[in-house]
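Since the model is a prediction, treat every value here as computed from it, not as a measurement.
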Amino acid sequence: MPIQLSGSKGDTCKMLSGILNNDERAAAALANAVYQPVLMENNPHIGDIGLLDVNAEGLAVWIDPIDNTGAYVAGYTGRLSATGVFDDGLQCVTVIIGVFDQSTGLPVVGVINQPFFYHEEKQKWSGKCTWGVAYENCFCNSLGTGLSQRSIPVLSKDSASPQNNAVVLSHSEVPAVVQALAGHEFTVQYATGAGYKLLCVIEQVACAYIVSKSSTFKWDLCAPHAILCSMGGNVLSLSKAVKQLPCHSQVVQYKCPDVKGLSVGQMWRNEGGVVAYGNSETLQAVIAAVQEVVG
């Protein structure tokens with residue numbers, strides 16, 4: 001069903017009421033939320049993007065309006081681990097908007113919003129927005145760690161900081177992968193929400209994110225993938241990466257399904273799992289740890 005927002009809150013409310021079985025109260029609440037002014041702090045790195053010659057017709061968008069829906073519905077506050085990762089809760093909920101190049105299938109722009117980033121007791125939540133651009137010769141992001149902005153620090157398995165050895169996983173990750181990582185001196189950290197786990201790698205509170213199952217989808221990865229690319233990282237197919245490193249065909253792409261013939265609900269999944277990382281040294285160390293247990 002097409003939904004079109006007009007310049008009038010009243011018209012939008014009327015349209016939503018028709019969709020919601022004439023529930024005018026719910027329609028009014030949604031309309032008020034849509035037209036509420038959005039206030040964001042000026043990011044000092046937005047000027048690093050410069051003027052780009054963009055062919056908008058050659059771009060397409062993947063959107064996940066609520067990643068980690070379960071935590072959003074439950075509505076409880078998560079717990080912060082010693083490595084700086086929330087294991088669950090509203091802090092792990094994200095809104096993900098990713099743009100990819102239709103000719104290459106590769107991500108070029110990513111925006112991740114954390115609407116429940118921080119709050120004081122009995123106060124409203126404050127959100128946080130993270131963005132990145134990896135388009136042509138522009139590699140910038142809101143963190144100031146883009147390749148066009150400065151050289152990023154190298155994270156390695158042997159770093160003195162314990163958080164740099166953290167690999168973030170889903171709670172449902174197979175035990176063999178967990179044991180393999182722990183056996184190679186990685187710290188295993190669990191969290192919910194694919195978008196949030198990837199954000200942990202972007203913010204360098206984890207050095208990598210691994211999921212060995214085909215349980216993530218294109219809309220989960222496109223935006224964080226673009227941000228990682230802006231800072232020298234990447235997202236690869238895990239099942240391909242454990243067989244040969246590195247190879248362009250291993251990079252997750254967003255134009256076509258990985259496997260043909262799947263149902264509508266499964267056709268855009270990332271087949272064979274994924275590995276997200278901030279630099280090649282981390283990738284090599286992680287793959288060495290899990291290559292015997294991932295096939």
Side-chain angles (χ1 to χ4, degrees), residues 68 78-89 91-92 94 112 114 130 132 141 143-147 150-213 215-216 220-221 224-225 227-243 245-246 250-252 273-294:
N68 201 0
R79 179 181 57 188
L80 187 65
S81 72
T83 59
V85 176
F86 284 95
D87 62 343
D88 199 356
Q91 292 93 333
C92 301
T94 54
I112 304 175
Q114 283 180 282
T130 304
N141 56 59
L143 305 174
T145 56
L147 296 179
R150 65 175 184 176
S151 298
I152 65 171
V154 174
L155 304 180
S156 71
K157 189 172 80 69
D158 299 319
S159 170
S161 175
Q163 69 182 22
N164 289 344
N165 285 340
V167 177
V168 66
L169 306 173
S170 298
H171 292 275
S172 61
E173 185 54 72
V174 297
V177 170
V178 177
Q179 294 166 7
L181 289 167
H184 282 72
E185 300 181 358
F186 284 102
T187 299
V188 173
Q189 177 63 58
Y190 297 103
T192 59
Y196 174 72
K197 289 192 281 286
L198 284 152
L199 191 57
C200 289
V201 182
I202 292 168
E203 295 180 337
Q204 301 179 6
V205 294
C207 67
Y209 162 52
I210 286 182
V211 55
S212 62
K213 303 175 183 179
S215 56
T216 63
D220 294 318
L221 303 189
H225 190 172
I227 301 172
L228 279 171
C229 286
S230 78
M231 57 193 297
N234 219 322
V235 181
L236 307 182
S237 163
L238 180 61
S239 61
K240 294 178 181 179
V242 294
K243 297 176 181 177
L245 278 178
Q250 299 163 355
V251 177
V252 175
V274 299
V275 53
Y277 59 94
N279 59 71
S280 59
E281 291 85 357
T282 294
L283 173 65
Q284 292 170 7
V286 169
I287 292 301
V290 302
Q291 62 185 354
E292 297 298 327
V293 296
V294 176

Would you check if V167 and V188 make a side-chain contact, meaning some heavy-atom pair closer than 4.5 Å?
no
Would you call L236 and L283 a side-chain contact if the rule is heavy atoms closer than 4.5 Å?
yes
Donor-acceptor contact below 3.5 Å, side chain D87 vs main chain Y190
no
Using 0.5 Å steps for rounding, measure from the NE2 atom of H225 to the CG atom of D220.
13.5 Å
Of all heavy-atom pairs between N141 and G146, which one has the smallest distance, and what is that distance?
ND2-N, 3.2 Å
Rounded to the nearest 0.5 Å, what separates atom NZ in K213 from atom OG in S170?
8.0 Å
Decide whether T83 and S81 meet the rule of one side-chain donor and one side-chain acceptor closer than 3.5 Å.
yes
Is any side-chain heavy atom of N234 closer than 4.5 Å to a side-chain heavy atom of Y277?
yes
Gap between atom CG of L199 and atom OG1 of T94 - 0.5 Å precision:
7.5 Å
Between I210 and E173, which heavy-atom pair has the shortest distance, and what is it?
O-OE1, 3.6 Å
Which pairs pass salt bridge (charged side-chain N to carboxylate O under 4.0 Å, His left out) with one or both residues in residues 187-201, sequence neighbours excluded?
none
Just wondering, do Y209 and V274 contact through their side chains at under 4.5 Å, heavy atoms?
yes
Shortest non-hydrogen separation from F86 to Q91 and the atoms involved:
CE2-NE2, 3.3 Å
Quick one: pull up OG1 in T145 and CD in E203 and give me the separation to the nearest 0.5 Å.
10.0 Å
Straight-line distance of Q291 CD to L238 CG, nearest 0.5 Å:
10.5 Å
To the closest 0.5 Å, what do you measure between CG (L198) and OG1 (T216)?
8.0 Å
Just checking, any donor-acceptor pair under 3.5 angstrom between side chains of T192 and D88?
yes
Return the set of residues passing side-chain contact (heavy atoms from CB on, under 4.5 Å) with Q179 (not counting sequence neighbours), or none when no residue passes.
P175
Which heavy atom of F186 sits nearest to which heavy atom of N165, and what is that distance?
CD2-O, 3.3 Å
Heavy-atom pair with the smallest gap, counting every atom of V293 and A180
CG2-CB, 4.0 Å
What closest approach, in Å, do A276 and V235 show between heavy atoms, and which atom pair accounts for it?
CB-CG2, 3.9 Å
